[in-house]
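Both ligands and their constituent atoms are indexed starting at 1 by order of listing.
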Amino acid sequence: MVRVGEDPASVSYVRSKSKVSEELGIYSETIVLADNTSEEALLTLIAKLNNDPQFHGILVQLPLPRHINTDKVLNAIKPEKDVDGFHPMNAGKLLNGEPLFIPCTPHGIQELLIRSGNSPEGKHVVICGRSNLVGKPLMAMLIQKRKGANATVTMCHTGTRNLASLTRQADILVVAMGRPKAITADMVKNGVVVIDVGVNRVPDKTRKSGFRLVGDTDFEAIERKAKAITPVPGGVGPMTVTMLMANVVKAAELWSVGSQKS
Ligand code: GUN
């Protein structure tokens, strides 16, 4: 894992990925670079890791500092080691219905839905947020004609007019907007299944840290109307880490098949 700078959320995410990999017996190293590291230095490091047989997977924690071109960095990771599934080749394969590495958060959301008895098959899934990390890959996954997918998907974003009229139609509502209480109880129908992807820090003097984490939905109010809703923290976050570990195992298996061939 490569982390550039000291963004507190990134520090926390990388720490939890490192902890879980250790618990599972997956060897990992975290390389921390200074906030002012050049794009060139980061690309040089990735080139080195691409060719290092000690590592089956490479993860560059996002967001990167503004002076670094994120697309250029994600493009530089060898697709066979791209355990985040963010390389354009992996994004394209996912859209075409022939996935190699699936991005961890949307993959975790799909598993949550299937394993909780809320398969998206035939359902109207409304996704709020069109990021390359969550919204777009989730849409690509759920429109596929396959088990655990085959949904009708509506993608809402900052250009969407009358958001509430669309969210009220959702059988399954996925919210990745990055804003506390962006979705309120009047915006959902009775019996909806809500996946809250938001992780927002709000000031809280009663906590030692001075903040607490909340999602993008009004959890307490929606809980009374919904069939199910994921909590923040403890809902989507741990699933993201779990699916990352699954991708690392897959990368190691791919490598061992490849090395036996050569
Ligand atoms: N930042 C927020 N989510 C993610 C993720 O899944 N992977 C990486 N690399 N960075 C992130």
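Near ligand 1, Lys17, Leu59, Val60, Gln61, Leu62, Asp84, Phe86, Leu133 each place a heavy atom less than 4.0 angstrom from the ligand.
Between Lys72 and Glu39 there is a salt bridge, since at least one side-chain N of the basic residue sits less than 4.0 Å from a carboxylate O of the acidic one.
Not counting sequence neighbours, the partners of Arg207 by the salt bridge (charged side-chain N to carboxylate O under 4.0 Å, His left out) test are Asp204.
Few gaps surround NZ on Lys189; more than 12 heavy atoms of other groups in view lie less than 6.0 Å from it. Environment of CZ in Arg201: crowded, with over 12 heavy atoms of neighbouring residues, nucleotides or ligands closer than 6.0 Å.
Between the side chain of Thr230 and the backbone N or O of Asp196, at least one donor-acceptor pair lies under 3.5 Å. Side-chain atoms of Glu98 never come within 3.5 Å of backbone atoms of Lys93 as a donor-acceptor pair (strictly under, hydrogens ignored).
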